There are 2 protein chains.
Amino acid sequence: MNTETYCIAGRLRMLARVATGLYNDAFTGENVTFAQAGLLMHIFAQPGIRQSALSKTLQIEKSAMSRDVQLMYKNGWLTDNRRGLFLTEEGSLLAKRCHKIWKELNQRVHAELGPEAVNGLTLLSESLLTKLLS
Amino acid sequence: MNTETYCIAGRLRMLARVATGLYNDAFTGENVTFAQAGLLMHIFAQPGIRQSALSKTLQIEKSAMSRDVQLMYKNGWLTDNRRGLFLTEEGSLLAKRCHKIWKELNQRVHAELGPEAVNGLTLLSESLLTKLLS
DNA sequence: TTATAAAAGTTGTATATACAACTTTTTGCG
DNA sequence: CGCAAAAAGTTGTATATACAACTTTTATAA
């Protein structure tokens, strides 16, 4: 691969599509997408976290986050009328089940990719986030 | 980062969002998204390519590709009534301008990330595509 | 304490994406 | 050739995402 043909953004987008498909498959039994499962797990780990904080951490635009959260609320996973995000009992139980699924899958993926590839992602990640993040 | 907190798919999705934003910015002057610019450049490089081929190469689902192509057609960038995808004159000129923008940006990004990070992406990419692509 | 600036969140609009189900086109074979 | 199977492409429906403009909430300074 040379500079001419190797597009950083294009490659990252493709890998994200592939990984998303793989992780989505793991959650079909729970009827959640990986994106939703991820948010559930974040809120489970940090109850009361604000949309703005998740937005910054995950680099998701605030309006996109707003809609993700609205959907989770509609699904009965979030409580109402509170400053910050809190899971309902149902949301909490689902988050725990998702975490179990995620942990097993993610460990398997780490193992299959191998330490070099995983380390490659770490290197890229650090470089990209420190140097290119406005 | 340890296995517990380091989600491969989550990280890839975040990096893809960041990179997409960066590349999108470069194309606002041409009023195209990076995704559209990428397709334009692929079709410019391979006139007559089929949706199915792009779909496989880029790992984009065929229905998503169908809609991307419809949009490009509506924008006047694709000819009609032909087997395979062909750019109109307008599409072709736009593709050339996009390629110039892309080349400069992508070189700058390669330089800013540094060879280690770029190589990290290559390693990850090869591992992920060979081992996890169904 | 209150006016206002800043931050957070929402809504309108549009693209990007996927899955399932369906239609159309292509291809192989008898 | 002409049919049947496979491949390609489309459409319905839903989520994920972004930008711009707007509203609401929060924080700060006089």
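Throughout, a chain's letter reflects where its sequence line sits, starting with A, and its residues are numbered from 1. Not measured: the values here are computed from a predicted model.
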Between [N] ([atom2]) and [X] ([atom1]): distance, integer Å:
X       : N      : atom1 : atom2 : result
A:Gln59 : D:dA16 : CD    : P     : 18 Å
B:Met72 : C:dT15 : CE    : C1'   : 13 Å
B:Lys74 : C:dA16 : NZ    : P     : 11 Å

In this structure, would A:Leu129 and A:Leu58 fall into the same cluster of hydrophobic residues linked by side-chain contacts under 4.5 Å? yes
Using heavy atoms and a sub-4.0 Å distance, could you list which residues of residues 17-43 of chain B are near DNA chain C? By number, please. B:Thr33, B:Ala35, B:Gln36
Using a cut-off of strictly less than 4.0 Å between a heavy atom of the residue and any atom of DNA chain C, enumerate the qualifying residues of residues 88-96 of chain B by number. none
Residue pairs passing the salt bridge (Lys or Arg N to Asp or Glu O under 4.0 Å) test where at least one lies in [range], sequence neighbours excluded:
range                     : value
residues 18-39 of chain A : A:Glu30-A:Arg97
residues 51-63 of chain A : none
residues 34-46 of chain B : none

Using side-chain contact (heavy atoms from CB on, under 4.5 Å) as the criterion, list what pairs up with [X], not counting sequence neighbours.
X        : value
A:Phe44  : A:Leu87, A:Ser92, A:Ala95, A:Lys96
A:Glu104 : A:Lys100
A:Asn119 : A:Thr122, A:Leu123

With A:Asp80 via side chain to side chain donor-acceptor pair (under 3.5 Å) - residues at least two apart: A:Tyr73
According to the side-chain hydrogen bond (donor to acceptor under 3.5 Å, both in side chains) rule, which pairs have a member within residues 37-55 of chain A, sequence neighbours left out?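 Pairs touching residues 37-55 of chain A that pass the test: none.
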Quick one: which residue pairs count as a ring-ring contact (aromatic ring centres under 6.0 Å, His included) with a foot in residues 7-27 of chain A, not counting sequence neighbours?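 As it turns out, the ring-ring contact (aromatic ring centres under 6.0 Å, His included) pairs with a partner in residues 7-27 of chain A, which skip direct neighbours, are A:Tyr23-A:Phe34.
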Per-nucleotide protein contact string for nucleotides 5-14 of chain D, where B marks a base within reach and S marks sugar-phosphate only (heavy atoms under 4.0 Å, - for neither): ---BBBBBB-
